[in-house]
Amino acid sequence: MLYDPSAFEQKWRDIWEEKGLHHAVKNDKRPKYYCLDMFPYPSGEGLHVGHWRGYVLSDVVSRYMTLNGYQVLHPMGWDAFGLPAENAAIKKKIHPVDQTLAATTNMRRQLKDMGSMYDWEREVNSSTPEYYKWTQWTFLKAYELGLAYKKDSPINWCPSCATGLADEEVKDGRCERCDSVVTKKNLSQWFFAISKYAQRLIDDIKDLDWPEKVKKMQTDWIGRSEGAKVTFKLEGCEDTLEIFTTRPDTLYGVSYMVLAPEHELVAKLTSDAQREEVEKYVAYASTKSAVERQERREKTGVFTGAYALNPVNGQKVPIWIADYVLMDYGTGAIMAVPAHDERDWEFAKAFNLPIRQVVMSAAQAEALRKDGIDFSDSQAVDKAWQEKFGAEPYEEAYCEYGVMVNSQEFSGCKTEEGKKAVIAKLEKAGIGKAVVNYRLRDWLISRQRYWGAPIPMVYCDKCGIVPVPEDQLPVLLPHVKSYEPSGTGASPLAAIDSFVNTACPKCGAPAKRDTDTLSQWICSSWYYLRYASYDCKDKAWRREDIDYWNPVDLYVGGIEHAVLHLLYSRFYTKMFYDLGLVGFKEPFKRLFNQGMITRMANSGRLEKMSKSKGNSVNPDDLVKKYGTDALRSYLLFIGPPEMDAEWNDSGIEGVYRWLRRVWTLVTEGEITEGAEKDGEVLKVSHKYIKRVNEDLSRLHLNTMVASLMEWANFLIGRKAPVSRETVEQYLIMLAPVAPHMAEELWAFLGHKEGLFESRPAWPQHEEKHLHEDDFNLVVQINGKVRENVRVSKALSKEELEEVIKARPKIAAALEGKTLRKVVYVPGKLMNLVVG
RNA sequence: GGGCGGGUGGCGGAAUCGGUAGACGCGUUGGUCUUAGGAGCCAAUGAUUAAGUUCGUAAGGGUUCGAGCCCCUUCCCGCCCACCA
């Protein structure tokens, strides 16, 4: 029979849909498995084969789990709000609602063509009022918990997207979406206090079954560092200056201070003589974007004319301003220790500031120890160090740990211990304390764009900021013709009077709505909960639904979300946990990041597949030519799923041929009824059953397909009848990869009920079939393979030695040599070491 | 500059533990079938050699009976972070 996938693939998709096989229902007799794909944004360009890679992987797992008796939830939906969708709509001059509808219609059709077992009844679309009503509700919950606050501050501003951005959305000083250089803008904006959760986000990630790379990226992004806050007195001024340092042990080496140009004390401190120069520098620094800052590595800065006093030795040190100190990290001010910090070193060199060494290297300490210096006598240490090393030229900053020197009573103390000792001294004096500082900053969630969920807040002259009561949700996004961003920092919604003007929910007086919309990252921070309780009308979710389905067992998606979506979702889950709304602290138990599909682009380089780069491959054409099963198989076979893989147009031919050969074997070969009786077939089949199961459990789906190919090659190559049992085992294991063909052949074998409907037992290998009396002994001489000998497993090492020594080839090699050693790896290899 | 991955035939990639390097597939070559073949089927396919052999996992060194795998040095590619005090 001819292998013609177009003749049956659609038929089976219709049958699965008709019978509701993909609809996940709670079933307490079966264990549940929640397999989730990161939902895509509805792009007018549709899906290319790069998108399919992750979806095929999650579908194979879902189908595998289904056939293994699990109740599987495998949903799909649309991350429809947000910049990409809105920009696409603007470009096409259509309304985002229409653009979304057109794109989802096309993409849903494409996803159905994949044969994925998505439960379409649970489909969500984040841009529908039914969904964003609850997105707004999550904002109110955050507000209720004190996690949402409004702040007037300089924010990341993308001039091209005309909206504020969260720190996570800025990459290399550029907008993550459009690559424009990000600037700063002063706006009053809503933030989520994600930094309050910094420690919990670090602690709980450790136990997750996630790629170490992602865990590390996220942990580094949160950026915990331990150190001290130290208060410096200022000369001739009542104010004090607070700094953060991770090296309190170098406090005696401070030779100047630096404030960020934006620091609030700058104006106050600056002397009249320096004022003009300082103001010029502040103005200059404010115009520089993050990108420009990176381009110029030479240090710049200006002396303020003011001095601070070192709290431990009273030394007078000059205060400078420089843009290498960042306003939004630590306290926006540092103590500079050029001898032991590279950046301070460069600055001190550039401006000829003093450099004082207060840490000696481990080598220097060792030399002093050899001289018999008593490290508990700090004066002796200072004296000895001065005599031996004091005159040594100092070529660069010494940033390692070592032993303190020139540090009064701390000299001779190891720096690790010195940290604690210095902090203790500062604490006692009330001018410092140990603190933990995080790099993670609060999450900016206001967007000055139209296509998002309106922030459910009202401003009343009398009552101030008033949250919209839950029963008045959703705050509907008005349907308007003109929605382009204003670019001024005001949201397009601000120009719509009927939207802006409302009554205060508290006092009823005329009031105004917040006109910004919520970042689309909020929509995707809770959708995995909505899938579990998709039909709940009066709440975001029913507790019993999420108690059954959540957390997600396997989450599949791209690594680009390592510190965006995945961080936000974890934060949101912890917030819900604190509110008692969910019973778990982490949303995704296991994470899998599929690699990109690359292909030669217009640029002449291998690049990630995308329509704009001119290197995308449309799955629709391939489905037409080879069928869905072949495309699915090729996307698995192309390489290790977690690694990038290069698309090869002729690669799909290979898997297509394999499927066709299997098809021919079943439809044209002779199949004997009943169990497998041929010992050779049993042995080989069970070897492959074992291999396929191992590959599946480790998600090595490329070698899983290779194993299935080898198994088929064996069965076909025998040119002998195959038993029904073996064929059925093969089809069941093929089913997750090529479900349509597996079903069609299952029916061909006479089954009345479909394969996925009846869920036949998943094959497990039996050790007894794998047992062999003989094995291939690899014979090596001095580590080089000389021969392969078929021998009995019953033979001892000594007996085997006799056997191989009798082989002419080996005997010849041993002739005239002394046998020094025999290494035997039982059941595998024997190495004769001769000299 | 820092961190994390990688580097294996003409190509994509195999190789659970340190034990036959190159599975599987593409491509190529030859054969077969055919009116035809850009279909199918069969066979060969790391380099070298007439063969035995020898050489081969980015380069160099080390540990080991034995190294793609472990250790050291260097080079190249990718990703992430980047003046984070």
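Here is the naming used below: chain letters follow the sequence lines, and residue numbers restart at 1 for every chain.
- Of the listed nucleotides (B:A85, B:C81, B:A15), B:A85 has the atom at the smallest distance from the side chain of A:Thr246.
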Restricting to nitrogen or oxygen on both sides, can you table the protein-nucleotides 38-41 of chain B pairs closer than 3.5 Å?
unit_1, atom_1, unit_2, atom_2, d
B:G40, OP1, A:Arg657, NE, 3.3
B:G40, OP1, A:Arg660, NH2, 2.7

Pair assignment for RNA chain B - dot-bracket with | for other-strand partners, Watson-Crick or G-U under 3.5 Å: (((((((..(((......[....)))((((((.......))))))((......))..(((((..]....))))))))))))....

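- Residue A:Arg786 is classed as a sugar-phosphate contact, given heavy-atom separations below 4.0 Å to backbone atoms only.
- Using modelled atom types, one side-chain atom of A:Gln218 and one backbone atom of A:Ala562 make a donor-acceptor pair closer than 3.5 Å.
- Using a 4.0 Å heavy-atom cutoff across all strands shown, A:Glu212 reaches no nucleic acid atom at all.
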Expected rows: protein N/O vs nucleotides 43-50 of chain B N/O, under 3.5 Å:
none

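- B:G38 sits 29 Å from B:U48 when the P atoms are compared, rounded to a whole Å.
- A side-chain N or O of A:Thr703 and one of A:Asp695 form a donor-acceptor pair less than 3.5 Å apart.
- A search for ring-ring contact (aromatic ring centres under 6.0 Å, His included) contacts involving A:His340 returns nothing, not counting sequence neighbours.
- With 3.5 Å as the limit, one finds no donor-acceptor pair spanning the side chains of A:Asn437 and A:Ser225.
- A:Val778 has its side chain within reach of A:Asn788: a pair of non-hydrogen atoms, C-beta onward, lies under 4.5 Å apart.
- For the residue pair A:Tyr281 and A:Thr300, a side-chain donor N or O sits within less than 3.5 Å of a side-chain acceptor on the partner.
- The side chain of A:Pro640 sits closest to B:A14 out of B:G19, B:U54, B:A14.
- Within the nucleic acid shown, A:Ile638 comes within 4.0 Å of sugar-phosphate atoms alone, with no base atom in reach, counting heavy atoms only.
- With its glycosidic angle within 90° of 0, B:C17 adopts the syn conformation.
- Comparing the P positions of B:G6 and B:A58 gives a spacing of 13 Å, expressed to the nearest Å.
- None of A:Asp344, A:Val337, A:Ile334 except one satisfies the side-chain contact (heavy atoms from CB on, under 4.5 Å) rule with A:Tyr256; the exception is A:Asp344.
- Within the nucleic acid shown, A:Asp328 has no heavy atom closer than 4.0 Å to any nucleic acid atom.
- The number of heavy-atom neighbours closer than 6.0 Å to NZ of A:Lys793, taken from other residues, nucleotides and ligands shown, is above 12.
- Side-chain contact check for A:Gln315 and A:Tyr252: no donor-acceptor pair (N or O, by modelled atom type) lies under 3.5 Å.
- One P atom belongs to B:G60, the other to B:G46, and the distance between them is 23 Å to the nearest Å.
- Side-chain atoms of A:Glu668 come within 3.5 Å of backbone N or O of A:Met1 as a donor-acceptor pair.
- A gap of 25 Å separates the P atoms of B:C72 and B:U20, to the nearest Å.
- Side-chain polar atoms of A:Tyr688 and A:Glu710 form a donor-acceptor pair below 3.5 angstrom.
- Donor-acceptor pairing under 3.5 Å is lacking for the side chains of A:Glu168 and A:Trp521.
- At least one side-chain nitrogen or oxygen of A:Lys171 sits closer than 4.0 Å to the OP1 or OP2 atom of B:C81.
- No donor-acceptor contact under 3.5 Å links the side chain of A:Lys213 to the base of B:C79.
- Residues from residues 820-828 of chain A lying near RNA chain B, meaning a heavy-atom separation below 4.0 Å, are A:Lys821, A:Val823, A:Val825, A:Lys828 in numerical order.
- To the nearest 0.5 Å, the span separating CZ on A:Arg441 from CG on A:Asn156 amounts to 8.5 Å.
- Rounded to the nearest Å, the gap between the P atom of B:G61 and that of B:G66 is 16 Å.
- A:Asp220 comes within contact range of no nucleotide atom at all, as no heavy-atom separation falls under 4.0 Å.
- Cation-pi geometry between A:Lys299 and A:Phe347 is not satisfied (NZ or CZ under 6.0 Å from the ring centre, within 45° of the ring normal).
- Put simply, the side chain of A:Asp629 does not reach to within 4.5 Å of the side chain of A:Tyr656, judged on heavy atoms.
- In this structure B:G52 sits in the anti conformation; its chi angle is more than 90° from 0.
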Below 3.5 Å between N/O atoms, which protein atoms pair up with nucleotides 21-24 of chain B? Just atom names and distances, please.
unit_1, atom_1, unit_2, atom_2, d
B:A23, O2', A:Glu710, OE1, 3.4
B:A23, O2', A:Glu710, OE2, 3.1

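- Side-chain atoms of A:Leu259 and A:Leu241, non-hydrogen and from C-beta on, do get closer than 4.5 Å to each other.
- Using a 3.5 Å distance cut-off with no hydrogens or angles, the side chains of A:Tyr634 and A:Asn648 do not pair a donor with an acceptor.
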